[in-house]
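A quick write-up on the structure given underneath.
Everything numeric here is computed off the predicted structure, so don't read it as measured data. Just so it is clear: chains get the letters A, B, ... in the order the sequence lines come, proteins before strands, and each one is counted from 1.
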2 protein chains.
Amino acid sequence: MSLRPVARASLSDHVFEQLTTEIVEGRFEPGTALPSERALCEALQVNRGAVREAVKRLAQAGLVDSQHGSGHHVLDFRRSAGLDLLPRLLFRADGDVDLQVVRSVMELRSAVGPDAAGRCAERATAAQQAAVTALVDDMERVAGDTAVLQGLAIRFWDLVIDGSDNIAYRLAYNALSEVYDQVRPALIEVLGDEIRDVARCRQIAEAIQSRDATTAREVARALTDRGMQGMRDALALLEDR
Amino acid sequence: MSLRPVARASLSDHVFEQLTTEIVEGRFEPGTALPSERALCEALQVNRGAVREAVKRLAQAGLVDSQHGSGHHVLDFRRSAGLDLLPRLLFRADGDVDLQVVRSVMELRSAVGPDAAGRCAERATAAQQAAVTALVDDMERVAGDTAVLQGLAIRFWDLVIDGSDNIAYRLAYNALSEVYDQVRPALIEVLGDEIRDVARCRQIAEAIQSRDATTAREVARALTDRGMQGMRDALALLEDR
DNA sequence: TGGCATAAGTGGTCATACCAGTTGACAAGA
DNA sequence: TCTTGTCAACTGGTATGACCACTTATGCCA
């Protein structure tokens, strides 16, 4: 049995959720104005402060643009939102996972991962090099238990990203992680071949240790390619259904 | 003379700015609590609503975590913020550009750009293929005027990203664009060689037209590599000073 | 020692004003 | 006819003060 913290949400959280959903699913069209704050209060049966807090968050997320006197205008989130919107796009209106989003995330991971490994080999501190090596030691110890390996693989990439000393990689990784967490159980199979490929993780760790950026990059590329292949297979299967 | 819209900012905007700066520059340490809302009202001389709206935005940006009854707790933005924090990290406390951030952004661009070009070749619609080709036509017409070319290059990549049909690339690109815009005049020199390389843009457009993903990827890689080289040179120059 | 009330401090919600910017209708003037 | 100014009716922005709900530390009590 696994216990999780009970979810708690304030009124403005709920308002934010609803409005985000409406916008992302296109029921509030870009260019149009949101209903006025007072109208939203009436419709949602909350006070104006809750509505304003929610709208401020929408603005921060790049979903609306507020203009004093004129209204809150809906933006095209594809052009104005940031990566942290991804978790909101993962589930479609019918509750199913949007495979386009999963594919996109995997591709971004494959684009960034190898270079992160290379940069890590170039720039990691001695402590970071050692941490990566130690983690692969752990992976070898639990080899076979794919579920545990998946957790270690996540930490592996976390360390690699840190070692790459690239703040953009780090922040992008944060957003990707949140998507990953939401579909983690499903990916345990899809990415199985990659997750169990501890040998390549070892090679990467050794390349990082010896500051061999080229090897780190190439092996990481091969590693993420296995995951991409697994995902292609899974997508093909789903489309056949 | 170039006129720009006058900047307008609400009270909560100002509060958000100040708090963000304090957090990003480390004067509010991760794990500690922000001053209470009432204390912030007193210190900033604004009403509590303005403070709350600002704090909600901080939470949305992944900088704080609010707990009813306990306070607003500062998070480690390196692990919890999204890519859209990048523009806030670009300028350091002394007003200078943080070159680490610029380097990070360029690396992310180089990691994603080539794959985006490849995916674009695979997936772009006929209209998108035509748009890329037409844009390169424009580039050839103004060849020589680097400043204008820079604008077209931005639109070029915008089209490529759209054609790649990858929502993660699109959202990441949005965040990168905002950083780019803030240092655009400076990059006109740093990236000069890349910007003037219309020939490679032509090759990419043709590869996209003929759905030759491999060529699109390789040429795009060569193109962004020129920019990386320009940046390395610029960084070396700055460090010599 | 362990459990429980309590008080003080925190964020969350609410109602009600009023200020300030935007927009469109419309009348007065050129 | 076209322009210009005024005004009324919106919109979001700011302010106040009260109260509710949750957390935490304190200290008492069994």
Side-chain angles (χ1 to χ4, degrees), chain A residues 3-20 22-23 27-75 80, chain B residues 3-20 22-23 27-75 80:
Chain A
L3 298 176
R4 284 167 298 108
V6 302
R8 259 165 302 189
S10 67
L11 280 184
S12 67
D13 288 339
H14 285 119
V15 176
F16 176 76
E17 288 297 314
Q18 283 197 45
L19 293 178
T20 301
E22 297 297 300
I23 292 172
R27 282 187 293 277
F28 286 146
E29 297 215 356
T32 65
L34 239 48
S36 76
E37 294 179 356
R38 289 158 176 95
L40 286 172
C41 296
E42 182 65 23
L44 301 169
Q45 289 289 299
V46 297
N47 69 81
R48 201 168 149 214
V51 168
R52 284 185 56 82
E53 287 173 13
V55 172
K56 285 289 177 186
R57 287 180 59 189
L58 291 177
Q60 180 63 30
L63 300 183
V64 305
D65 178 39
S66 302
Q67 288 180 23
H68 189 177
S70 167
H72 302 291
H73 296 85
V74 180
L75 301 174
S80 58
Chain B
L3 298 175
R4 283 167 301 107
V6 303
R8 259 165 302 189
S10 67
L11 281 185
S12 68
D13 289 339
H14 285 120
V15 176
F16 176 77
E17 288 298 313
Q18 283 197 46
L19 293 178
T20 301
E22 296 298 300
I23 292 172
R27 283 187 293 277
F28 287 145
E29 297 215 355
T32 65
L34 240 47
S36 75
E37 294 178 356
R38 290 159 176 93
L40 287 172
C41 296
E42 182 64 24
L44 302 169
Q45 290 288 299
V46 297
N47 68 81
R48 200 169 150 215
V51 168
R52 284 184 57 81
E53 287 172 12
V55 172
K56 285 290 177 186
R57 287 179 59 188
L58 292 177
Q60 181 62 31
L63 300 183
V64 306
D65 178 39
S66 302
Q67 288 180 23
H68 190 176
S70 167
H72 302 291
H73 296 85
V74 180
L75 301 174
S80 58

Once you round it to whole Å, what is the distance between C1' of C/dG21 and NE2 of A/His68? 5 Å
What's the closest nucleotide to the B/Ser66 side chain, out of C/dG21, D/dT14, C/dG12? C/dG12
Give the residues of residues 34-55 of chain A touching DNA chain D, defined as any heavy atom closer than 4.0 Å, sorted by residue number. A/Ser36, A/Glu37, A/Arg38, A/Arg48, A/Arg52
Testing the 3.5 Å rule here: is there a donor-acceptor pair between the side chains of A/Gln67 and A/His72? no
Can you check whether A/Phe16 reaches B/Gln60 side chain to side chain, under 4.5 Å on heavy atoms? yes
Position toward the 5' end of DNA chain C (nearest nucleotide), A/Ser70 or B/Gln67: B/Gln67
Which heavy atom in B/Val15 sits nearest to a heavy atom in B/Ala54, and how many Å separate them? CG1-CB, 3.5 Å
Find the distance B/Asp65:CG to C/dG11:P and express it as a whole number of Å. 13 Å
Round to the nearest Å and state the distance from A/Asp13 atom CG to C/dG12 atom P. 8 Å
For A/Ala50 and A/Ser12, work out which heavy atoms get closest and say how close. O-CB, 3.5 Å
Would you kindly give the CG-to-P distance between B/Leu11 and C/dA20, to the nearest whole Å? 12 Å
With a 4.0 Å cut-off, would you call A/Arg57 and A/Asp13 a salt bridge? yes
Could I get the full list of side chain to side chain donor-acceptor pair (under 3.5 Å) partners for A/Gln18, not counting sequence neighbours? none
